[in-house]
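All residue numbers refer to positions in the sequence shown, counting from 1.
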Amino acid sequence: MSTSAHTNLPPEIIEAILRLLPVKSLGRFKSVSKKWNTLISSPQFIKTHLHQTIKTTKLILISDTKSLYSLDLNTDDLSATGKQLCLGSPDSPPRRWEQILGSCNGLVLAIDEVDKIFITNPTTKEVWEVPRSPFALPDDESFVMYGFGYDSANVDYKIVSISFWDTDNEHNPDCTDMFVSVYGLLNNCWRKLDNSPYDHAVGHLTSGVLVNEKLHWLTSTRPGYASTICAFSLENEGFEEIELPDSIDKGKAVFNELVVVGEKLGLFGTPVGNDLWVMEEYGVGGSWTRVCIDGVEIDPVKPVCLVEGSDGDIVLGGEDEVVVYNIGESRCRNVVIEGGPSGFAVGATYFESLESPKCIIRTVL
């Protein structure tokens, strides 16, 4: 659109057209004029664009050299194009990334090798360093799990931290408390909450799985130590329990993994025979449905996402491999990756958005 043409259109028509454009195009159009830059950068436009645009799932890979790569999957010919993500300003030194802790609305929570936590937007390359929690336990004597998500009721992105002492620590060797704290992006600060009533020390040290604005962990009850799923509400900042499938061994279920499959809560892992259980109706224990996954030769393997518009195709991620598995045909096909790292792990999924952590903080400062 030329400069002379856009000046003759009513502002509401211009805004309606811009809302339909992809993020990268909008990034270029910010330079058309100050009005366009102000409009595209406004919180209201960002929110509207988030809900109106078509969301195409991308994968984030963590290379063996601790770099991040985005992966665009072409399901027509099962090829994928990898591109290294250079986050932050061009003159900032490259970071060595350790783990992806979560993603939501195009924002990704990641931790680097020196345990600094960042909220990033892989599309706009924006990076926001999260302040260290004043409630954090000593790194070398404790364990911590994180979760990340959006609280629409309070219009805030939140990070949840669940930490506990290593049993070999010198400070509190008999302490079994599960400490919970929450970081809110709006106010850029941490708050301490009541301790978790569950035992998070049993099972895998994993990030919370986000479904329905709640973060989920496999954990054990106290007392009794039966496996269960606990859900932390980002709005109410409290825990509740989600029923496991009836046929799952409650003594071993904690050693599985929770996943998200088509925005639904899923359960996967070796103790359930590499089958995938999907909760079709959130919160209803009787709605768990078993999906058999046979003939997958890579190990370990983990469901990553559904293929949009497909008939039963699911993306599985393994060590240095990405495959597409068709549920109905029990058929597994390798994805050919061009431009990606030779050694990697699948970190998370995300989609392109204009969401800006710095913009969210500025709205209240």
Next item on the list: Apply side-chain contact (heavy atoms from CB on, under 4.5 Å) to Asn154 and Leu186, showing your working.
Entry: CA-CA 9 Å; Asn154 296 292; Leu186 268 177; 5.8 Å; no

Next item on the list: Apply the test side-chain contact (heavy atoms from CB on, under 4.5 Å) to residues Leu137 and Asp166: give CA-CA distance (whole Å), side-chain angles for both, the deciding distance (0.1 Å), then the verdict.
Entry: CA-CA 10 Å; Leu137 302 176; Asp166 186 340; over 6 Å; no

Checklist line | Audit row: Glu113, Lys66, salt bridge (charged side-chain N to carboxylate O under 4.0 Å, His left out) steps and yes/no | finding: CA-CA 8 Å; Glu113 65 176 358; Lys66 299 186 183 297; 5.0 Å; no

Note to self: side chain to side chain donor-acceptor pair (under 3.5 Å), that's the test. Do Asn188 and Tyr183 meet it? Break it down for me.
What the structure shows: CA-CA 7 Å; Asn188 189 31; Tyr183 169 83; 2.6 Å; yes

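Residue Lys192 qualifies as enclosed at atom NZ: its count of foreign heavy atoms under 6.0 Å is above 12. Atom CD of Glu319 has 12 or fewer neighbouring heavy atoms from other residues, nucleotides or ligands inside a 6.0 Å radius. Around CD of Glu338, the count of heavy atoms belonging to other residues, nucleotides or ligands within 6.0 Å does not exceed 12. For Glu129, the CD atom counts as densely surrounded, since its 6.0 Å shell holds more than 12 non-hydrogen atoms of other residues, nucleotides or ligands. At most 12 heavy atoms of other shown residues, nucleotides or ligands fall within 6.0 angstrom of atom NZ in Lys116. In Asp139, the CG atom is crowded: over 12 heavy atoms of neighbouring residues, nucleotides or ligands sit closer than 6.0 Å.
With Trp277 contributing its side chain and Leu244 its backbone, the two residues share no donor-acceptor pair below 3.5 Å. The backbone N or O of Ile248 sits less than 3.5 Å from a side-chain atom of Lys250, completing a donor-acceptor pair. Between the side chain of His49 and the backbone N or O of Leu21 there is at least one donor-acceptor pair closer than 3.5 Å. Put simply, the side chain of Trp36 never gets that close to the backbone of Ile14: no donor and acceptor are under 3.5 Å apart. Put simply, the side chain of Asp246 never gets that close to the backbone of Gly286: no donor and acceptor are under 3.5 Å apart. Within the 3.5 Å criterion, the main-chain N or O of Asp199 finds a donor-acceptor partner in the side chain of Thr219. At distances below 3.5 Å, at least one donor-acceptor pair connects side-chain atoms of Ser103 with backbone N or O atoms of Thr349.
Salt-bridge formation is detected for the pair Lys58/Asp72: a Lys NZ or Arg NE/NH1/NH2 atom is positioned less than 4.0 Å from an Asp or Glu carboxylate oxygen. Under a 4.0 Å N-O distance rule, the pair Lys358/Glu126 does not qualify as a salt bridge.
The aromatic rings of Tyr282 and His216 sit perpendicular, their planes meeting at an angle over 60°, well past the 30° parallel limit. The aromatic rings of His200 and Phe239 lie tilted to each other, with the angle between the two planes from 30° to 60°.
By the criterion of side-chain heavy atoms lying less than 4.5 angstrom apart, applied directly or through intervening Ile, Leu, Val, Met, Phe, Trp or Tyr residues, Leu85 is not grouped with Leu109; the two fall into different hydrophobic clusters. Neither Tyr150 nor Leu210 shares a network with the other; the hydrophobic side chains, linked directly or stepwise wherever heavy atoms of I, L, V, M, F, W or Y lie under 4.5 Å apart, form separate groups for each. Val114 and Ile119 are members of different hydrophobic clusters when ILVMFWY side chains are connected at heavy-atom separations under 4.5 Å. The cluster map of Ile, Leu, Val, Met, Phe, Trp and Tyr, joined by side-chain heavy atoms under 4.5 Å apart, puts Ile327 and Phe268 in the same cluster. No chain of hydrophobic side-chain contacts below 4.5 Å, direct or via other Ile, Leu, Val, Met, Phe, Trp or Tyr residues, connects Phe143 to Ile159.
Judged by distance alone, the side chains of Ser161 and Ser163 never bring a donor and an acceptor atom under 3.5 Å apart. Side chains of Ser152 and Glu213: a donor-acceptor N/O pair is present below 3.5 angstrom, by distance only.
Asp156 meets the salt bridge (Lys or Arg N to Asp or Glu O under 4.0 Å) test with no other residue; sequence neighbours excluded. Scanning for salt bridge (Lys or Arg N to Asp or Glu O under 4.0 Å) contacts around Lys214 gives Glu240, with sequence neighbours left out. Listed by chain and residue number, nothing satisfies the salt bridge (Lys or Arg N to Asp or Glu O under 4.0 Å) test with Glu235 (two or more places apart in sequence, or in another chain). Remark: Phe344 engages no residue in a ring-ring contact (aromatic ring centres under 6.0 Å, His included) (not counting sequence neighbours). Every residue meeting the salt bridge (Lys or Arg N to Asp or Glu O under 4.0 Å) condition with Lys47, not counting sequence neighbours, appears here in chain and number order: Glu355. In this structure, Tyr69 has no ring-ring contact (aromatic ring centres under 6.0 Å, His included) partners at least two apart in sequence or on a different chain.
Going from atom CG of Asn256 over to atom CD1 of Ile229 covers 9.5 Å, rounded to the nearest 0.5 Å. Going from atom CD of Gln99 over to atom CG of Asp112 covers 12.0 Å, rounded to the nearest 0.5 Å. Between the CD atom of Glu15 and the OG atom of Ser42 there is a distance of 7.0 Å, given to the nearest 0.5 Å.
Val335 and Ala80 make their closest contact through CG1-CB, 3.7 Å (heavy atoms, listed as atom of the first residue, atom of the second, distance). For Phe148 against Leu107, the heavy-atom pair with the smallest separation is CE2-O, 3.8 Å. When every heavy atom of Ile242 is checked against every heavy atom of Thr228, the shortest pair comes out as O-OG1, 3.8 Å. For the pair Leu68 and Ile60, the tightest heavy-atom approach, listed with the atom from each and the gap, is CD2-CG2, 4.2 Å. Annotation for Leu316 and Tyr325: closest pair CD1-CB, 3.8 Å, computed over non-hydrogen atoms. Considering all non-hydrogen atoms of both residues, Pro122 and Val108 come closest at CG-CG2, 3.7 Å.
Taking the centre of each ring, Trp217 and Phe232 stay at or above the 6.0 Å mark.
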